[in-house]
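Just so you know, these numbers use all the heavy atoms, side chains as well, and skip hydrogens, waters and symmetry mates. Whatever order the structure lists ligands and atoms in, that order sets their numbers, starting from 1. A quick note: this is a predicted structure, and the numbers were derived from the prediction, not measured.
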Amino acid sequence: MREKRQVLILKDIATAEQALVTKWTAVSEAAVKESGRFVVALSGGLTPIGLFQRLALLTDVLPWSKTHIFFVDERFISQEHTDSNFYLIKQNLLQTVKIPERNIHPIVTDSESCSLAAVTYEQHLVQFFKLSRGELPKFDLILLGIGEDGHTASLFPADKTLEEERLVVATDFPLVKYKRITLTLPVINNAKNIIFLVSGKRKALVLKKIIKEAAALPAALVKGKNGNVSFYIDNEAALYLSEKQ
Ligand code: 6PG
């Protein structure tokens, strides 16, 4: 069966961010209308900073009081550390918009171990989404990035976390600086909308592998249950992609 996958090639990162703001607006309004809330999980990394800043400008426009922000992944370091995703997203978005504190759902990293932090976040998801045993949370939107090695979230190539059936898992991948906590593939693939934002020449080769060659890389394993996966890519990152996908 051919996958339904949307690949949008935008002229530059600013245009991609603006297109994503439009998408966010539509998805959040539809979610609030349907269920009274909009539940989104955000990735860190450098790419989405501009998007966060654009969203922050819409503090009076978007339904922040009904928006719940979760985190796709986190480094096992203090939330005040400048390398933490919580810090990054707080600085660029959360501290500006009128979002109630209780709607922000960080991955708490002050537990004894990274595994315990993962279990705690999993329990938080179970409670928030009122999940019964074996049930998966359904985020309205999950925003992802892609690393040059094809990782997404904190799911790294050939790592055992790719097989994980739990909702959240700890990872200690040797090639990255910190231990991390990440949502797993089943959770990501169950989201209503999954969006990759990818920018810059250095991502062009890996994007070709993921989109055109379906390489066995973590980002390529994100297919979405209903094929609801969109790639927002700037021209530079799209260097090796043809018009037809
Ligand atoms: C993180 C991420 C990670 C990121 C990619 C891309 O917290 O680092 O969740 O998966 O999205 O590494 O990062 P850049 O946007 O910095 O290239």
Need the ligand 1 atom indices (1-based, order shown) with element for anything under 4.0 Å from a heavy-atom of [X].
X	value
R202	17 (O)
L46	14 (P), 15 (O), 16 (O)
S43	9 (O)
G44	1 (C), 7 (O), 9 (O), 11 (O)
H151	3 (C), 5 (C), 10 (O), 12 (O)
K203	14 (P), 17 (O)

Worksheet item: Please state which protein non-hydrogen atom is closest to atom 2 (C) of ligand 1 and give its distance, to 0.1 Å?
Response: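 In this structure, atom 2 (C) of ligand 1 has D73 OD2, 3.4 Å as its nearest protein heavy atom.
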Worksheet item: So which protein heavy atom does atom 13 (O) of ligand 1 come closest to, and at what separation?
Response: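 Going by distance alone, atom 13 (O) of ligand 1 is nearest to G45 CA, 3.8 Å.
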Discussion item. Before we go on, tell me: are the rings of F139 and F70 under 6.0 Å apart, centre to centre?
Written reply: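 Yes: the rings meet the under 6.0 Å criterion.
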Worksheet item: Looking at Y121 versus H105, is the centre-to-centre ring distance below 6.0 Å?
Response: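 Centroid separation for Y121 and H105: 6.0 Å or greater.
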Discussion item. Side chain, backbone, both or neither: which applies to N85 and ligand 1 if a contact is any heavy-atom pair less than 4.0 Å apart?
Written reply: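 It is the side chain that gets close, since no backbone atom is under 4.0 Å.
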Worksheet item: Applying a 4.0 Å heavy-atom criterion (strictly less than), which segment of T47 is in contact with ligand 1: side chain, backbone, both, or neither?
Response: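 Both of them.
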Fill in: Partner residues of K130 under the salt bridge (Lys or Arg N to Asp or Glu O under 4.0 Å) criterion, sequence neighbours left out
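None.
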Worksheet item: Can you name the salt bridge (Lys or Arg N to Asp or Glu O under 4.0 Å) partners of K98, sequence neighbours left out?
Response: D60
Item to complete: Could you walk me through whether I13 and L51 pass side chain to side chain contact (heavy atoms under 4.5 Å, CB included), step by step?
Response: CA-CA 9 Å; I13 180 70; L51 168 68; over 6 Å; no
Worksheet item: Does a side-chain N-to-carboxylate-O contact under 4.0 Å join K203 and E148?
Response: no
Fill in: N-O pairing of D140 and R37 below 4.0 Å
no
Worksheet item: Between Q6 and S230, does any side-chain donor sit less than 3.5 Å from a side-chain acceptor?
Response: yes
Discussion item. Checking K225 against N190: is there a side-chain donor and acceptor pair closer than 3.5 Å?
Written reply: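 K225 and N190 do have a side-chain donor-acceptor pair below 3.5 Å.
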So, is [X] polar-close to ligand 1, with some N/O to N/O distance under 3.5 Å?
X	value
S154	no
T152	no
I146	no

Discussion item. For R75, state whether at least one heavy atom is located under 4.0 Å from any atom of ligand 1.
Written reply: yes
Discussion item. Using the rule given for salt bridge (charged side-chain N to carboxylate O under 4.0 Å, His left out), can you reason through K179 versus E74, listing the C-alpha separation, both sets of side-chain angles and the distance that settles it, and then say yes or no?
Written reply: CA-CA 9 Å; K179 290 182 182 172; E74 186 57 280; over 6 Å; no
Fill in: Winner among G145, A153, S84 once heavy atoms are compared against atom 10 (O) of ligand 1
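Heavy atom nearest to atom 10 (O) of ligand 1 belongs to A153.
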